[in-house]
Amino acid sequence: MSRRPSDYQRICVKIGSALLVDENGLRREWLQSLCDDLKMLTDAGKEVIVVSSGSIALGRRVLGLPKGLLKLEQAQAAAAVGQIALAQAYSEILRERDLSAGQILLTLQDTEERRRYLNARETIGTLLKLKAVPIINENDSVATNEIRYGDNDRLGARVATMASADLLVLLSDIDGLYTAPPQQNPDAVFLPEVPQITPKIEAMAGSAGSAMASGGMKTKIDAGKIAQAAGTTMAICSGKVMNPLQALENGTRSTWFPAQDSPTKARKRWISGHLKPTGVVHLDNGALKAVRAGKSLLPAGITATEGAFRRGDAVQLQDTQGNDVGRGLITYDFGEAALLIGRNSTEIEAILGHPGRAEMIHRDDLVLTPDCSSDS
Ligand code: GLU
């Protein structure tokens, strides 16, 4: 496993509130130095995604709200005010570096419900294709306590895995994981690498987390679990310095949680192992050949469908003999899929009355039975 961000391709960076906002408001110079780092990565052909906290911290200062715990409605109002300022700062500072910023505000449901998850995933993917930098936060103005993440560590991990990022960097006010809270325990040992999150590691995080501010080590370990399971390597390092990603590149102290698989392999394992198919799609021989060659499944190669599947559901693929040849996440609800059977992808808009995706099942969402495929 490499400990250098530049050895990864799609990098999600989570930024904690304390790094962005202090008693004087936004720490613009620091943000400029971070954006220099993002520019360095994009210039090297990397894709970067930012999950940024700071809306509530910034908004509460603008609104003059008291110190201490805010009531839910105060936090929601603070987020509404702070998020505009935050997005504007990112947009301006990235534009000075010839980069466009695209804001996405997510709720818990957007990352947990498969259909909404697919929509968010598409938007992030399209922004990256267009060379824009997605700037993501939780939609705190509409999220209530029961339906919110509340911390951007786990949100960052869900975004990173949703976008199939191969690296997630948590920029924090602590430089990594210790066996005990370092401020209170002089014998605390720093852990440079956590190959697997064991109950022992979780116990360390539990004790460290209680001593720290919002987020803490517990949510970082939760993030590590989400990331590792989805093939995303995670790093925790201090963001207190200027140019924190450059510092990480130069080997600054940090804790790494290596992923065993690539995001694509992990995703395919999840599709084949954890999802129960809710329908069947029958392929003609041409389509079977195409998907075996690593292509997406297009409507033109489908001869029939079965079942009341919904967009994002897992479906089984069958060949002309009725053999099970694989599984995939389908792009269309069964009603729309039925209208598209055997049709050319260029006809989709005319048939459905709205522009739709060209693939019935995207190749990243397709897993062929082992004897037919070498890449799953
Ligand atoms: N979404 C929150 C905000 O932008 C931050 C959550 C966190 O501190 O992790 O203010």
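Just follow the structure's listing: the first ligand is 1, and inside any ligand the first atom is 1. Quick caveat, the model's predicted, so the values are computed rather than measured. Sequential numbering from 1 along the given sequence is applied to the chain's residues.
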Handout entry: Within-cut-off N or O pair, Ser55 and ligand 1, under 3.5 Å
Key = yes
Practice task
Check whether any N or O atom of Asn137, backbone or side chain, sits under 3.5 Å from an N or O atom of ligand 1, and answer yes or no.
Solution key: yes
Exercise for the section: Return yes or no for this condition: an N or O of Ala57 is under 3.5 Å from an N or O of ligand 1. Expected result: no
Handout entry: CD/Gln196: more than 12 non-hydrogen atoms of other groups inside 6.0 Å
Key = no
Practice task
May I ask you to check whether over 12 heavy atoms, not counting those of Arg363, lie within 6.0 Å of atom CZ?
Solution key: no
Problem - Candidates Ile93, Leu99, Val133 - the one meeting side chain to side chain contact (heavy atoms under 4.5 Å, CB included) with Cys35 - result: Ile93
Problem - Polar proximity ligand 1 side, Asn152 side, N/O cut 3.5 Å exclusive - result: yes
Problem - Sub-4.0 Å heavy-atom contact, Gly54 with ligand 1 - result: yes
Handout entry: N or O pair under 3.5 Å between Asp140 and ligand 1
Key = yes
Handout entry: Presence of salt bridge, Lys67 and Glu23, under 4.0 angstrom
Key = no
Exercise for the section: Tell me yes or no: between the side chains of Ser33 and Asp36, is some donor less than 3.5 Å from an acceptor? Expected result: no
Exercise for the section: Answer with yes or no whether the side chains of Gln246 and Asn250 bring together a donor and an acceptor at under 3.5 Å. Expected result: yes
Practice task
Number the atoms of ligand 1 from 1 as they appear, then name those within less than 4.0 Å of a heavy atom of Ile56, with their elements.
Solution key: 3 (C), 10 (O)
